Engineer: 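This is the structure I want to talk about, given as structure tokens.
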There are 2 protein chains.
Amino acid sequence: MAKNVRAESDTSTEEKIKKAAHVVFKRKGFAATRTRDIADEAGFNLALLNYYFRSKEKLFDIVMKESIQQFLKGIAGILNNTALSLTEKVSLVAENYTDMLSANPDLPLFILSEIKANPEKLALDLNFKEIIMRSHLFEQIQEATGKTINPIHFIINIISLTVFPFVASPLLRVIGDLNPQDFNSLVEDRKKLIPVWIETMLKAH
Amino acid sequence: MAKNVRAESDTSTEEKIKKAAHVVFKRKGFAATRTRDIADEAGFNLALLNYYFRSKEKLFDIVMKESIQQFLKGIAGILNNTALSLTEKVSLVAENYTDMLSANPDLPLFILSEIKANPEKLALDLNFKEIIMRSHLFEQIQEATGKTINPIHFIINIISLTVFPFVASPLLRVIGDLNPQDFNSLVEDRKKLIPVWIETMLKAH
DNA sequence: TGACGATTTAATCATTTGATTAAAATAGTT
DNA sequence: AACTATTTTAATCAAATGATTAAATCGTCA
């Protein structure tokens, strides 16, 4: 009964607070966000945060876990789809990541900063290593380069070329004198460029 | 007279506090560092921080300014050295940056995070835009690609491939199962790889 | 309706934290 | 040694902040 009432409101207050927490934590990071910021963003009283989530840290852990899942969502499927060529995989990753990051531009810097601040919180979560190091893409890279080079370099290159512009966007705005519109078409262009670049890089080995 | 005494101790207390501030701010970021952390790291009483630097924020501004200078130091010279070929420039940038970041691994994530948190603090400082957009390297990229593509892409690529591993190192340690030793030789390898990659990427246009 | 549980709020607490102050220690000068 | 200015410390303040509590409100069902 109590559960029922609670379940019905899952789409309202509790969810709204979590949503607000996502926004504020990603915008300002754990240390710089005040629980009052989240309450204000959600439009509720401060005490509700503790009522629903016990503490700032517990709420943060939930946001972090969901953010990491968001960061990986859809990637594992691409990496291990044996029907796709190497370049097709890279295209799909570049496109999916660019779209996802365009919708969530704060996500990568948030994850990288908070993992650095608290590396142990990543360990308990998903097994990144297995997903990537045993992936079909990994084998394809080995094949393409004739094992002359550690495939991890190309994993890094794909991620770097795709994700870094979002991590560095405040800097790029200044360096490149880009307004948000320009930045948008820049990363849009890179969807098609990155697969070409990666392919030519692979051929160099 | 007063100035003299002060000047002599510039290499002791005041400098030690600033040094400690560099360490702690870069390790934890502005919001997460306590002034007491800095005092402890320096081995002095908390009040000395305010005695020498007035406030946490003033001290931070100094650290930030010096960090940005460190981040740019030596680069402008390379970018505009007309005696160097494009690939030579890329090699020098990759080498210098890798060495500098190996010695200061916290630097890039610190700068990117804090600039995102406080974009206006960058504006008053050096004129990034001019340094890069009017550089000799910029012209060389235009020449190499026959103006078929915005050179900013290659500026981004060079920085991405060089800097991103350091920004993502906590993640890479988990994904790639790299210990610090492995990470070291990985970025060391990339010093030579990145110029080759950039060259082949340019030829693709 | 009214009673009960769930939800929400206002008020308050205890701790943390940036900053200040007054006094102590130190060093240099005469 | 005595005086002075500088440096350093211990103690304390005031504001911010995460958390709690008690009361008010709301919704549901008998």
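Every chain is numbered from 1 and lettered A, B, ... according to where its sequence line falls, protein lines coming before strand lines. This is a predicted model, so every value here is computed, not measured.
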Engineer: Starting at CG of A:L49 and ending at P of C:dT9, how long is that distance when rounded to a whole Å?
Structural biologist: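 One finds 13 Å between P of C:dT9 and CG of A:L49, rounded.
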Engineer: Atom CG of A:N50 to atom P of D:dA19: distance rounded to whole Å?
Structural biologist: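 My rounded result for the distance is 5 Å.
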Engineer: List in chain and number order the residues that pass side chain to side chain donor-acceptor pair (under 3.5 Å) with B:K191, two or more places apart in sequence or in another chain; answer none if no residue qualifies.
Structural biologist: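 In terms of side chain to side chain donor-acceptor pair (under 3.5 Å), with neighbours along the sequence ignored, B:K191 is linked to B:D99, B:E188.
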Engineer: For residues 159-168 of chain A, dump all side-chain donor-acceptor pairs below 3.5 Å to protein atoms at least two apart in sequence or in another chain.
Structural biologist:
residue : atom : partner : partner atom : Å
A:S160  : OG   : A:I156  : O            : 2.7
A:T162  : OG1  : A:I158  : O            : 2.8

Engineer: For A:F60 together with A:F25, are the ring centres under 6.0 Å from each other?
Structural biologist: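 They qualify: ring centres under 6.0 Å apart.
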Engineer: Return a table of donor-acceptor pairs under 3.5 angstrom between the side chains of residues 74-84 of chain B and protein atoms on other chains or two or more places apart.
Structural biologist:
residue : atom : partner : partner atom : Å
B:N80   : OD1  : B:H136  : N            : 3.1
B:N81   : OD1  : B:A83   : N            : 2.9

Engineer: When the distance from CD1 of B:I17 to C1' of D:dT8 is rounded to whole Å, what number comes out?
Structural biologist: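 One finds 10 Å between C1' of D:dT8 and CD1 of B:I17, rounded.
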Engineer: Short of 4.0 Å, heavy atom to strand atom, which residues of residues 21-38 of chain A count as contacting DNA chain D?
Structural biologist: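 When residues 21-38 of chain A is checked for heavy atoms under 4.0 Å from DNA chain D, the hits, listed by number, are A:T33, A:R34, A:T35, A:R36.
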Engineer: To the nearest angstrom, how far is B:N45 atom CG from D:dT7 atom P?
Structural biologist: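 One finds 15 Å between P of D:dT7 and CG of B:N45, rounded.
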Engineer: Taking side chain to side chain donor-acceptor pair (under 3.5 Å) as the test, write out the residues that go with B:K28, two or more places apart.
Structural biologist: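 Expected list: B:D37.
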Engineer: Whole angstrom is fine here: how far is it from OH in B:Y51 over to C1' in C:dA22?
Structural biologist: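 To the nearest whole Å, that distance equals 14 Å.
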Engineer: Using whole Å, what does the distance between atom P of nucleotide D:dG18 and atom NZ of A:K56 come to?
Structural biologist: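 My rounded result for the distance is 5 Å.
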Engineer: Quick one: is B:T13 getting a side-chain N or O under 4.0 Å of the D:dT8 phosphate, OP1 or OP2?
Structural biologist: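 Answer yes for this pair, as a side-chain N or O of B:T13 is under 4.0 Å from OP1 or OP2.
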Engineer: Would you indicate which nucleotide in D:dT7, C:dT20, C:dT8 comes nearest to any side-chain atom of B:Y52?
Structural biologist: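 Nearest to the side chain of B:Y52 among the choices is D:dT7.
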Engineer: Taking CZ from A:F44 and C1' from C:dT7, how many angstroms apart are they, rounded to a whole number?
Structural biologist: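 My rounded result for the distance is 10 Å.
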Engineer: Going by salt bridge (charged side-chain N to carboxylate O under 4.0 Å, His left out), name the pairs with one or both residues in residues 67-82 of chain A, residues two or more places apart or in two chains.
Structural biologist: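 Sorted result for residues 67-82 of chain A: empty, none.
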Engineer: Rounded to whole Å, how long is the line connecting atom CZ of B:F53 with atom P of D:dT8?
Structural biologist: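 Checked: the CZ to P distance equals 12 Å.
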